[in-house]
Amino acid sequence: MNFPSLNEQLDVIKRGTVEIIPEDELVKKIEKSIAKKTPLIIKLGADPSRPDLHIGHAVVLNKLRQFQELGHTAILIIGDYTGMIGDPTGKKKTRPQLTHEEAIENGKSYYEQATKILDKSKTKIVYNSEWLSKLDLKQLIQLMSKFTVQRILERDDFTNRLNEQAEIAFHEMLYPLMQGYDSYAINSDVELGGTDQKFNNLVGRDVQKRYGKEPQCVITMPLLEGIDGSEKMSKSLDNAIGISEDPKDIFGKTMRIPDALIYKYFELGTQISVDELNDIKDKITESPRDYKRKLGYEIVKLYYDEDTAKNSIEEFDKIFIKKEIPDDIPEIKLDEDVKLINLMVSNKMADSNSAARKLIEASAVSIDGEKVSDVNAVIGKDKSFTMKVGKRKFLKVN
RNA sequence: GGGUAGGUAGCGAAGCGGUCAAACGCAACAGACUGUAAAUCUGUCGACUUAGGUCUUCGGAGGUUCGAAUCCUUCCCUACCCA
């Protein structure tokens with residue numbers, strides 16, 4: 001197999017990375033790979049505790065995809081065994097532990113979603129229970145003896161937890177070692193991860209060295225901010241764009257990101273070429289809105305297809321720029337007269353009667369474009385109209 | 001095992017017998033302004049309501065009291081210090 005030249009590869013690999021540790025070793029590995037016509041083994045560990053992937057997770061998957069396109073081998077490790085511990089990274093508290101069944105189940109779902117980005121035919125998937133479950137106590141002690149408590153505690157999360165008087169459960173200290181052991185088990189040349197994974201991934205290097213293997217290089221990718229523009233993207237903060245979401249939502253959410261993030265999203269969240277990326281870099285500030293539309297288009301295209309992406313733009317323009325009613329909105333028929341607030345609640349346009357009342361009072365409800373102000377409004381069963389609650393909730397009544 | 005400080009709405013955090021559905025901040029939602037950007041301003045932010053109120057909430061369970069998030073008993077949970 002023939003690989004692109006070293007420099008071509010480096011251009012692609014370096015896109016968006018934070019650190020390559022150490023870069024000269026990576027260069028040597030690539031040179032060797034070209035000379036021997038052997039692909040590098042690229043490791044990505046997946047945490048099976050979160051089955052819903054968002055474009056923040058996609059940052060690292062995109063990078064892995066790029067490696068695949070360069071001809072290298074991607075190995076996705078589903079941490080079914082480590083998932084039972086729960087990665088302490090960035091956590092202030094001990095994570096809940098998954099059962100093995102849950103971990104496997106989540107792992108499958110992870111794979112399904114990850115292969116929306118990765119080349120399925122070139123992705124090897126392995127479960128780390130395959131080797132971790134076979135470690136006996138003697139081997140585990142041997143592994144533990146190669147590291148010191150200080151080394152494990154030096155990572156920020158643990159230091160912070162010590163300082164903030166939060167607990168650290170004993171088993172959590174094992175997490176980095178086990179993840180590092182994965183690298184040894186699959187002989188990885190490169191491990192990818194977010195900057196938050198730097199410590200764990202470096203431990204992988206050490207484990208390999210101590211077991212007499214050539215150590216992997218570590219490539220860290222930035223953590224993508226969520227659509228609120230400040231916090232790291234995460235489902236629990238409700239600032240994430242899920243890769244399995246409806247295309248309209250993906251597009252709409254993309255349009256809501258702060259301008260400062262547009263380039264970063266292009267760089268990390270799309271597969272547009274390095275050349276194109278360089279081309280738009282300085283132009284974004286000229287017309288942020290247009291580039292944001294392009295960004296939304298590219299992201300939708302990545303997870304769906306070109307037609308869907310085009311539709312998303314059109315739909316968006318229709319609703320928010322031309323302020324028209326979207327095409328496919330829920331439609332219901334009334335069998336009898338109902339109070340407006342009940343109608344809102346039963347169609348999930350408000351959480352409770354009180355909430356519905358408050359929305360009406362806040363003039364957030366309109367019928368055929370007319371704002372409704374009567375909290376006790378009753379809708380006659382023969383009426384036919386379209387109502388709108390807030391900016392995004394529509395309902396057609398016939 | 002001994003000691004100390006705590007557990008309040010999605011989160012953080014006040015309150016320490018009545019004026020508490022519970023200050024304040026963040027988040028969220030809605031309105032104005034916009035490019036559904038950011039920033040800003042305004043309103044809402046337990047539930048039901050015939051709008052007068054009613055009901056359920058302050059770790060759990062009991063109790064004292066006309067009245068408890070606030071006092072007492074007990075149980076559960078967390079952190080820290082000492083061993």
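Reminder, nothing fancy here: chain letters follow the sequence lines and each chain counts from 1.
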- [ ] Let me know, please, whether Ser354(A) or Pro258(A) comes out on the 5' side of the other along RNA chain B by nearest nucleotide.
- [x] Pro258(A)
Task: Spacing of Tyr291(A) atom OH relative to G35(B) atom C1', expressed in whole Å - done: 16 Å
Open item on the list: With nearest nucleotide decided by heavy atoms, which residue, Val389(A) or Glu361(A), maps closer to the 5′ end of RNA chain B?
Closed with: Val389(A)
Open item on the list: Is there a side-chain contact between His72(A) and Ile41(A) in this structure, where contact means two heavy atoms from C-beta onward sitting under 4.5 Å apart?
Closed with: no
Open item on the list: What is the separation between atom CD1 on Ile262(A) and atom C1' on A38(B), rounded to the nearest whole Å?
Closed with: 11 Å
- [ ] Write down the distance separating the C1' atoms in C80(B) and G43(B), rounded off to the nearest Å.
- [x] 43 Å
Open item on the list: Does the structure show a Watson-Crick or G-U wobble partner for A37(B), both distances under 3.5 Å? Name it, or say none.
Closed with: none
TODO: Can you tell me, in whole Å, how much space there is between the C1' of G59(B) and that of U70(B)?
DONE: 15 Å
Open item on the list: Measure NZ/Lys292(A) against C1'/U34(B) and give the value in whole Å, please.
Closed with: 11 Å
Task: Gap in Å between the two C1' atoms, one belonging to A79(B) and one to G10(B), rounded - done: 23 Å
Task: Pairing partner of C29(B) (Watson-Crick or G-U wobble, both distances under 3.5 Å) - done: G43(B)
TODO: Starting from C1' on A38(B), measure out to CG on Asp259(A) and report it in whole angstrom.
DONE: 7 Å
Task: C1' gap between A38(B) and G18(B), integer Å - done: 47 Å
Open item on the list: Is there a side-chain contact between Ser352(A) and the phosphate of A47(B), meaning an N or O under 4.0 Å from OP1 or OP2?
Closed with: yes
Open item on the list: Can you measure Ile241(A) atom CD1 to A37(B) atom P for me and round it to whole angstrom units?
Closed with: 14 Å
Task: Interatomic distance where CD1 belongs to Ile360(A) and C1' belongs to A51(B) [whole Å] - done: 15 Å
Task: Row check, Tyr297(A) ring normal vs Lys292(A) NZ/CZ: under 6.0 Å, within 45° - done: no
Open item on the list: If the cut-off is 4.0 Å, is Lys358(A) near the phosphate of C29(B), judged by side-chain N/O to OP1 or OP2?
Closed with: no
- [ ] Taking atom C1' in both A27(B) and A13(B), compute the distance separating them and give it to the nearest angstrom.
- [x] 14 Å
Open item on the list: Let me confirm one number: the CD1-OG1 distance from Ile219(A) to Thr195(A), rounded to the nearest 0.5 Å.
Closed with: 14.0 Å
TODO: Can you figure out which of C48(B), A38(B), G35(B) approaches the side chain of Pro288(A) most closely?
DONE: G35(B)
Open item on the list: Using Watson-Crick or G-U wobble geometry with both distances under 3.5 Å, which nucleotide pairs with A23(B)?
Closed with: none
Task: Test item: Ile186(A) and Ile77(A) side chains (from C-beta on) under 4.5 Å apart, heavy atoms - done: yes
- [ ] Choose from U50(B), U36(B), G31(B) the nucleotide whose nearest atom is closest to any side-chain atom of Ala364(A).
- [x] G31(B)
TODO: Would you indicate which nucleotide in C48(B), U36(B), A38(B) comes nearest to any side-chain atom of Asn353(A)?
DONE: C48(B)
Open item on the list: Rounding to an integer number of angstrom, what distance separates G31(B) and C16(B) when you compare their C1' atoms?
Closed with: 39 Å
TODO: State, with a plain yes or no, whether a side-chain heavy atom of Tyr181(A) is found less than 4.5 Å away from one of Trp131(A).
DONE: yes
Open item on the list: Taking pairing as Watson-Crick or G-U wobble with both contacts under 3.5 Å, can you name the mate of C80(B), or confirm there isn't one?
Closed with: G3(B)
Task: Whole-Å gap separating C1' (C48(B)) and CZ (Arg357(A)) - done: 8 Å
Open item on the list: Is there a side-chain contact between Lys371(A) and the phosphate of A32(B), meaning an N or O under 4.0 Å from OP1 or OP2?
Closed with: yes
Open item on the list: In whole Å, I'd like the distance from the CG atom of Leu359(A) to the C1' atom of U44(B).
Closed with: 9 Å
Task: Separation of Phe67(A) CZ from Leu192(A) CG (nearest 0.5 Å) - done: 5.5 Å
- [ ] Searching all strands shown, indicate the nucleotide that pairs with G18(B) (Watson-Crick or G-U wobble; both distances under 3.5 Å).
- [x] C66(B)
Task: Approximate separation, where rounding is to 0.5 Å, of Ile341(A) CD1 and Met349(A) CE - done: 14.5 Å
- [ ] For G25(B) versus C45(B), give the span between their C1' atoms, rounded off to a whole number of Å.
- [x] 14 Å
Task: Separation of the P atoms in A51(B) and A61(B), to the nearest angstrom - done: 35 Å
